[in-house]
Amino acid sequence: GYDPCVAVVRLWVDAEHSVNTPEPGKNVANVDALRLCALLNILLENNGYSKFKVTKDAVGAIERLNRIDKKSFDDIESMIRWSQSDEFWLHNIRSPQKLRKHYETMDGQRRSKNKVIQEQRKVVEDQERRVVDSMASVRAKLEKEIAEAVPMPSDVRKALKRGNRT
């Protein structure tokens, strides 16, 4: 069966002769960086672009995002996924090096877009709340009118029925 760990190690070995398989407990960041390189390649292919070559520089760009730029691997993964779903950035992020170069710009745009989405959600929720409140008000009025209504005498109903026959 398919083992993602084996796939990562194969990527590692195929990447470049100067990139070595880590010793147990060492260079764990390289495994995560390779995994994220593989993810970016999969998403690039899904978007109709060719894969980049997984080299020491490509893996190093992801590692530097983590080690120097202080981005967690989860955050880097999230940014990779976002960049490959964004109409503008999916055409521009075609390698880990470009990801690192534009990370802060993309992060700002993602936050801005998320803020706009949250504001739009709040507007919709406020509108929904007003509609629900308005419906509750109308219901309360109707219930009050029904409670205050004087029942129609039964003989009026008979007279009205007779009036319709004539």
Side-chain angles (χ1 to χ4, degrees), residues 1-140:
Y2 175 75
D3 184 352
C5 293
V6 171
V8 166
V9 170
R10 281 191 184 133
L11 272 173
W12 189 294
V13 171
D14 293 343
E16 194 173 286
H17 296 295
S18 60
V19 179
N20 299 315
T21 305
E23 295 174 25
K26 296 201 178 202
N27 295 329
V28 175
N30 287 342
V31 174
D32 284 321
L34 274 169
R35 179 181 60 82
L36 294 175
C37 284
L39 172 66
L40 181 55
N41 264 337
I42 290 167
L43 295 175
L44 283 169
E45 267 192 319
N46 288 345
N47 285 332
Y49 289 104
S50 57
K51 297 191 286 188
F52 60 89
K53 187 174 181 184
V54 179
T55 64
K56 186 177 181 180
D57 288 339
V59 174
I62 300 289
E63 288 179 325
R64 286 186 294 281
L65 264 169
N66 173 254
R67 185 173 36 85
I68 296 170
D69 302 339
K70 305 295 184 203
K71 307 299 180 198
S72 73
F73 288 112
D74 288 342
D75 289 343
I76 297 168
E77 179 177 346
S78 175
M79 184 59 73
I80 289 171
R81 291 182 185 282
W82 180 84
S83 73
Q84 295 306 298
S85 67
D86 181 80
E87 284 300 315
F88 175 78
W89 289 110
L90 74 89
H91 303 292
N92 294 287
I93 303 302
R94 311 259 304 274
S95 70
Q97 293 88 334
K98 291 289 185 178
L99 176 74
R100 183 170 186 235
K101 178 181 177 181
H102 298 294
Y103 192 98
E104 294 302 325
T105 302
M106 290 189 299
D107 193 41
Q109 287 183 10
R110 181 172 63 168
R111 289 175 196 263
S112 177
K113 286 181 179 182
N114 286 345
K115 185 177 179 184
V116 167
I117 289 169
Q118 288 172 352
E119 288 171 358
Q120 289 172 341
R121 250 188 220 134
K122 188 174 189 268
V123 167
V124 169
E125 288 170 359
D126 289 345
Q127 289 173 342
E128 287 174 346
R129 195 173 307 109
R130 283 195 299 270
V131 167
V132 168
D133 291 347
S134 175
M135 290 172 65
S137 173
V138 167
R139 182 179 182 158

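- Checked against salt bridge (Lys or Arg N to Asp or Glu O under 4.0 Å), R139 has the following partners two or more places apart in sequence or in another chain: E143.
- Among residues two or more places apart in sequence or in another chain, the side-chain contact (heavy atoms from CB on, under 4.5 Å) test is passed with S134 by none.
- For the side chain to side chain donor-acceptor pair (under 3.5 Å) test, no residue two or more places apart in sequence or in another chain qualifies with H102.
- The distance from atom OH of Y103 to atom CD1 of I76, rounded to the nearest 0.5 Å, is 6.0 Å.
- Qualifying side chain to side chain donor-acceptor pair (under 3.5 Å) partners for S85, counting only residues two or more places apart in sequence or in other chains: none.
- In this view, R129 and D126 satisfy the salt bridge (Lys or Arg N to Asp or Glu O under 4.0 Å) rule, not counting sequence neighbours.
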Q: Kindly determine whether R35 and D32 satisfy salt bridge (Lys or Arg N to Asp or Glu O under 4.0 Å), including the steps that lead there.
A: CA-CA 5 Å; R35 179 181 60 82; D32 284 321; 3.8 Å; yes
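- In this view, D69 and R100 satisfy the side chain to side chain donor-acceptor pair (under 3.5 Å) rule, not counting sequence neighbours.
- Side chain to side chain, Q97 and D57 fail the donor-acceptor criterion of an N or O pair below 3.5 Å.
- Residues meeting the side-chain contact (heavy atoms from CB on, under 4.5 Å) test with L39, sequence neighbours left out: L36, L43, E77, I80, R81.
- Shown here are the salt bridge (Lys or Arg N to Asp or Glu O under 4.0 Å) partners of E45, two or more places apart in sequence or in another chain: there are none.
- By the side-chain contact (heavy atoms from CB on, under 4.5 Å) test, R111 is found to be paired with D107, residues two or more places apart in sequence or in another chain being considered.
- Scanning for side chain to side chain donor-acceptor pair (under 3.5 Å) contacts around R94 gives an empty result, with sequence neighbours left out.
- Ion pairing between a basic and an acidic side chain is recognised when a charged N comes within 4.0 Å of a carboxylate O; E104 and K71 show such pairing.
- For K113, the salt bridge (Lys or Arg N to Asp or Glu O under 4.0 Å) criterion is met by D86, not counting sequence neighbours.
- K98 is not listed as a side-chain neighbour of N92, based on a closest heavy-atom distance of 4.5 Å or more.
- Residues passing the side-chain contact (heavy atoms from CB on, under 4.5 Å) test with Q109 are W82, W89, T105, sequence neighbours excluded.
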